[in-house]
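Scroll down for the structure; my scribbles are underneath it.
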Protein chains: 2
Amino acid sequence: MLADANFETPVVGKQRLRSGERRAAILRTAVELFAQRGFRGTTTRELASAVGVSEPVLYQHFATKRDLYTAIVDHMVAQASQTFDASMRQVDGGQDDRELLQALGEVILSWYLQDPAQIRLLLFSGLEGHELAELWHERATTQFKAFVASYMERRIKDGAFRGFDPHTLSLAFVGPIAHYGLVSTVFRCPLPERPRNEIVREFVDLFLNGIRPRAEGDL
Amino acid sequence: MLADANFETPVVGKQRLRSGERRAAILRTAVELFAQRGFRGTTTRELASAVGVSEPVLYQHFATKRDLYTAIVDHMVAQASQTFDASMRQVDGGQDDRELLQALGEVILSWYLQDPAQIRLLLFSGLEGHELAELWHERATTQFKAFVASYMERRIKDGAFRGFDPHTLSLAFVGPIAHYGLVSTVFRCPLPERPRNEIVREFVDLFLNGIRPRAEGDL
DNA sequence: TCAGCAAGCTAGCGCCTGCTATCTTGGTAG
DNA sequence: CTACCAAGATAGCAGGCGCTAGCTTGCTGA
């Protein structure tokens, strides 16, 4: 499972290593429980017993239950920012539209499918949900969205894309992918298992060419 | 505000009318608070004082805090089912694709924009979020989605739409609209105010024709 | 004018929560 | 073998929660 790779122990010394491992275990279990029962629906007693330690151990890693929550969200935001930044740097102007959109789409979809519990935590945890979502959006996705929008704008000026509002185009492109991610993992609706790149390829094709057959064949 | 029209008093007698009004007020306030602070983050004391009544009055309308929550969700599901059913009946085979998709799209978008607090409640309330979402999806949108998918399937057989998986097409059509609804109201991201039918018209156009310019002009 | 009564508020019960003071234990140096 | 000490579990505190018993109020009809 990919989730196990998250929350690694930061090695500061030989002594602290075991402690770091436990800290990571606490964080992982907390993501699971908060996503399942919500922040307030999860008691520190439950969390401690699920991790397999006593309650005071929790408080020797995190001053407050809320601090634990903040640590999780910070980790998520940092990780997502990093992923999105990397994908933006990786993309260069040399690729054609299909390749570029494919790369962007796969990044977005992967983020949704990577660890459903984290996404569910973000949406369902019930701790001032909208503030959190705003913060999240502000810090992690603003740049990425601006990047997509500016790309759309450039291609409109080139005459390669039709003249819509760039933000509308961003939504039209991101929408199906995000919706797929939410429906298939967050809402746990059964959808046929398919490779990610294939799913994205279809959405990219539809975005570029539309649902109606075209007269002349495109690549 | 449209929200005020919801949770109307069911008139069973002259005596009960005032009581029904208060019941409606409780439900409306509860939606607001649950959406804001979550289910467990809202105390019955807070709710009572926000409504302007004492706590026991709450319990004379709803046996349990959880019952109150269930009543809200039931109301949402019933209302949405009704809306979607009506829109499905309204649509007949005579319309062309653009008109039909426009009608469907407006129904979906209106549902998202109608009362953001209700949507936020569904996502953020934090009471076994995923179970609720599953229930919600099962009862309110399954038929609608099946309807859209079967429409897509028919048009593929007609040769009017390209040969994709019908469910992929459903997602590609619903995705941008749902994403717009979530981003603009639920996550409170500032987007330029625009008339709903115009927004939907652009998404429908993009869905049908794609982002690339076409050789022969369509309607 | 005043008994009768429905309807509402005050005050509080028992439970559970986040958090912690205190005791216990197991490993190590001399 | 024993004195020491860090690290962890037990048990419990103070406060807040969902929920309610019982008192108070103000309206109704004779």
Side-chain angles (χ1 to χ4, degrees), chain A residues 9-27 29-73 121 125-128 132, chain B residues 9-27 29-73 121 125-128 132:
Chain A
T9 141
V11 182
V12 281
K14 196 69 189 296
Q15 286 291 52
R16 296 270 155 178
L17 200 134
R18 276 286 149 82
S19 159
E21 272 169 19
R22 198 143 59 177
R23 187 191 148 97
I26 292 170
L27 284 168
T29 312
V31 167
E32 215 75 34
L33 288 182
F34 288 167
Q36 223 169 71
R37 308 190 229 271
F39 175 74
R40 298 197 217 235
T42 307
T43 69
T44 51
R45 266 177 257 269
E46 280 176 337
L47 176 57
S49 94
V51 177
V53 297
S54 67
E55 256 185 295
V57 176
L58 257 52
Y59 288 92
Q60 108 191 20
H61 289 281
F62 305 95
T64 292
K65 188 191 176 192
R66 206 200 163 96
D67 277 5
L68 169 57
Y69 186 78
T70 308
I72 292 172
V73 173
L121 165 73
S125 65
L127 177 59
E128 287 112 46
L132 180 61
Chain B
T9 140
V11 183
V12 279
K14 199 69 189 295
Q15 285 290 55
R16 297 269 155 179
L17 201 133
R18 277 286 150 84
S19 160
E21 272 168 18
R22 198 145 58 177
R23 188 190 146 96
I26 292 170
L27 284 167
T29 312
V31 167
E32 215 76 34
L33 289 182
F34 288 167
Q36 225 169 68
R37 307 191 230 269
F39 175 74
R40 299 197 216 234
T42 308
T43 69
T44 52
R45 270 176 254 270
E46 280 176 337
L47 176 56
S49 94
V51 176
V53 297
S54 67
E55 255 186 296
V57 175
L58 258 52
Y59 288 90
Q60 108 191 20
H61 288 281
F62 305 95
T64 292
K65 190 191 176 192
R66 206 200 164 96
D67 277 5
L68 169 57
Y69 186 77
T70 307
I72 292 172
V73 174
L121 165 73
S125 63
L127 176 59
E128 288 113 46
L132 180 61

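Residue numbering restarts at 1 for every chain, and letters A, B, ... go by the order of the sequence lines.
In this structure, the CZ atom of B/Arg66 is 11 Å from the P atom of D/dC19, given to the nearest Å. Taking atom CG of A/Leu58 as the reference point, atom C1' of D/dA7 lies 15 Å away to the nearest angstrom. In this structure, NE2 of A/His61 is placed 16 Å from C1' of C/dC19, rounded to the nearest angstrom. Rounding to whole angstrom units, CZ of residue A/Phe34 and C1' of C/dG18 are separated by 12 Å. If you take NZ of B/Lys65 and C1' of D/dT20, they are 17 Å apart, rounded to a whole angstrom. Between A/Tyr59 atom OH and D/dA11 atom C1' the separation is 16 Å, expressed in whole Å. The nearest whole Å value for the distance from the CG atom in B/Asp67 to the C1' atom in D/dG18 is 13 Å. Rounded to whole angstrom, the span from the CD atom of A/Glu21 across to the C1' atom of D/dA7 amounts to 17 Å.
Between its opening and closing five pairs, the helix from C/dT1-D/dA30 to C/dG30-D/dC1 changes axis direction by 10°, a value rounded to 10 degrees.
The minimum heavy-atom distance linking B/Leu47 with B/Leu33 is given by the pair CA-CD1, 3.8 Å. Shown here for A/Ala48 and A/Ser54, the closest heavy-atom pair between the two residues is CB-C, 3.9 Å.
Between A/Ser54 and D/dG8 there is no side-chain polar atom (N or O) within less than 4.0 angstrom of OP1 or OP2. Residue B/Arg40 places no side-chain N or O under 4.0 Å from the OP1 or OP2 atom of C/dT17.
The distance from atom CD of B/Gln60 to atom CD1 of B/Ile26, rounded to the nearest 0.5 Å, is 8.0 Å.
Taking only distance into account, the side chain of B/Glu55 never meets the base of C/dC9 through a donor-acceptor pair shorter than 3.5 Å. Under 3.5 Å, the side chain of B/Arg45 and the base of D/dG15 form no donor-acceptor pair of N or O atoms.
Of the two residues contacting DNA chain C, namely B/Val53 and A/Thr64, the nearest-nucleotide position lying further toward the 5' end is that of B/Val53. For the pair A/Ala63 and A/Thr43, both in contact range of DNA chain C, the more 5′-proximal nearest nucleotide belongs to A/Thr43.
The B/Gln60 side chain lies nearest to C/dG8 when the options are C/dG8, D/dG18, C/dG18. Closest approach to the A/Pro56 side chain among D/dT20, C/dA7, D/dA9 is made by D/dA9 (side chain taken as heavy atoms from C-beta onward).
Considering only heavy atoms from C-beta on, A/Tyr69 stays 4.5 Å or farther from A/Thr42 through its side chain. Residues A/Leu68 and A/Thr44 have side chains not in contact (no heavy-atom distance under 4.5 Å, counting atoms from C-beta outward).
The backbone N or O of B/Asp67 lies less than 3.5 Å from no partner atom in the side chain of B/Thr64, so there is not a single donor-acceptor pair.
The one candidate from A/Lys65, A/Arg40, A/Arg37 that meets the salt bridge (charged side-chain N to carboxylate O under 4.0 Å, His left out) condition with A/Glu46 is A/Arg37.
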